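Take a look at the structure below.
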Amino acid sequence: MMSQLRERLSMALQSIALMDTHEHFVQEADRLKHGCDFFSYLHYVHCDLMSGGLALEKVSLEASALSSAQKKEAFFRHWPNVRFTGYGQALRIMAEDLFEVAEITPDTFAELNANAAALPRPGYYDTVLREGAKIVRACRIVWPHSSTMCDLDHLFPVPVFDHFATVASRGDLTLLEADTDVSIHNLHDLEAALDVAFAQRAEEGMVGVKNFLAYRRPISFEQVPAARAEEVLLRTTQAHADTPVGFEEARPLQDYMVHAIIRRAVERDLPIQIHTGFQNDNANFVDNTRPTRLVNLFMTYDAAKFVLLHGGWPYTQEFVALAKSFPNVYADMAWTYILGAGAAERLLGDLLDSVPANKILGFGGDYNFAEGAYAHAKLARRSIGRVLAGRIENETMSEDEALEVARMIMHDNGARLYGFAEFDSP
Ligand SMILES: [Zn+2]
């Protein structure tokens with residue numbers, strides 16, 4: 001049973017728009033090109049299924065070799081174990097609200113599967129995202145060598161430039177040359193190609209830059225003299241794709257280029273999203289992602305806008321401390337409510353207690369499909385409601401103040417940071 005206060009707050013949060021700072025799904029026109037079924041919606045749940053035992057059976061529901069019947073059998077063998085995790089909860093919300101089937105069971109599966117397949121249709125982003133989740137717009141991560149797939153209405157591009165840092169062979173350079181039409185023989189050429197890529201992405205409406213390197217290396221990026229970076233690059237121009245330059249050797253070039261990317265983002269006044277914390281898969285080095293590894297960047301580039309993603313979970317205390325201390329660091333809660341509602345609520349509480357409210361970015365869905373963002377938004381509003389209710393109950397905030405803070409962290413801070421504030425002023 002919710003108290004009256006909690007019910008009132010929950011109603012009020014329904015009507016506050018969300019600026020979604022971090023997504024992976026494509027614009028509706030691209031989404032509608034491909035068919036889907038229930039299994040297309042697993043995404044994160046698949047990781048929990050794998051962790052719960054599917055991986056030990058050497059089975060993957062993402063492998064197309066399995067028949068639908070085989071997938072169904074394997075899914076329901078493990079589903080009971082994951083239905084209460086954040087990922088599982090989000091899938092249950094999709095099933096109930098969007099596929100209109102109350103329970104995910106073997107008996108309801110045929111209906112679930114049919115309704116899931118029928119959901120994507122022209123105009124459904126307006127129904128599901130704008131009306132359903134009140135997500136007015138979202139930043140979309142754009143991968144290297146890929147088109148933006150952003151409509152500049154619901155979705156705005158935040159491209160990754162990491163591939164300019166991770167070149168390890170002649171083949172990698174050839175791809176950059178093809179993208180930018182710049183011949184790359186030395187470090188000067190590589191930076192010239194990066195300039196071209198920035199100009200191309202700016203033309204496409206880029207609103208920020210994303211650094212994704214936490215998935216493949218420690219996120220400490222030293223300042224390296226150009227001559228050391230160039231030595232690596234010259235080796236790279238001679239390295240065959242079968243024998244690329246290894247990470248230990250490549251590191252000075254990677255570090256140098258990460259700084260080069262940051263400098264260009266600063267020149268264009270673009271926020272720099274950096275993946276910190278937990279990686280989305282079932283085997284990775286999570287301690288590569290500690291937010292405190294980034295401190296030298298915060299010290300060096302005061303004019304930058306560093307957006308630390310995902311609460312840095314499980315290093316949330318480091319994350320809070322950095323956002324509290326550095327004026328150029330923003331705290332982004334993207335992905336957190338489905339990683340775990342309890343952890344996300346403790347984190348949001350800590351942020352509100354310690355960090356200036358204008359630097360808290362309260363929502364990023366982080367899904368490969370819009371339906372996931374819908375479900376995540378519902379869980380986020382529940383968590384935000386619980387945290388703010390606690391603040392009202394312990395008399396830190398009045399009800400009006402809590403709603404003011406909600407509008408800031410759910411919408412206004414993100415809209416201002418990514419340059420949309422003027423769209424939303426009355
Ligand atoms: Zn993401």
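In listed order, ligands and their atoms are each counted from 1. This is a predicted model, so every value here is computed, not measured.
A salt bridge links Arg386 to Glu345: one of the charged nitrogens lies within less than 4.0 Å of a carboxylate oxygen. Between Asp287 and Arg290, no side-chain nitrogen of the basic residue sits less than 4.0 Å from a carboxylate oxygen of the acidic one, so the salt-bridge criterion is not met.
For Phe161, the ring pair (Phe, Tyr, Trp, His ring centres under 6.0 Å) criterion is met by Phe198, not counting sequence neighbours.
In this structure, the ring of Phe319 has its center no less than 6.0 angstrom from the ring center of Trp313.
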What's the verdict on ring pair (Phe, Tyr, Trp, His ring centres under 6.0 Å) for Phe25 and Tyr125, showing C-alpha distance, side-chain angles and the deciding distance? CA-CA 11 Å; Phe25 60 84; Tyr125 274 22; 5.7 Å; yes
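Under 2.8 Å from the Zn ion (ligand 1), one finds the following protein N/O/S atoms: His22 NE2, His24 NE2, Asp366 OD1.
Once rounded to the nearest 0.5 Å, the distance linking CG of Asp97 with CZ of Arg92 reads 12.5 Å.
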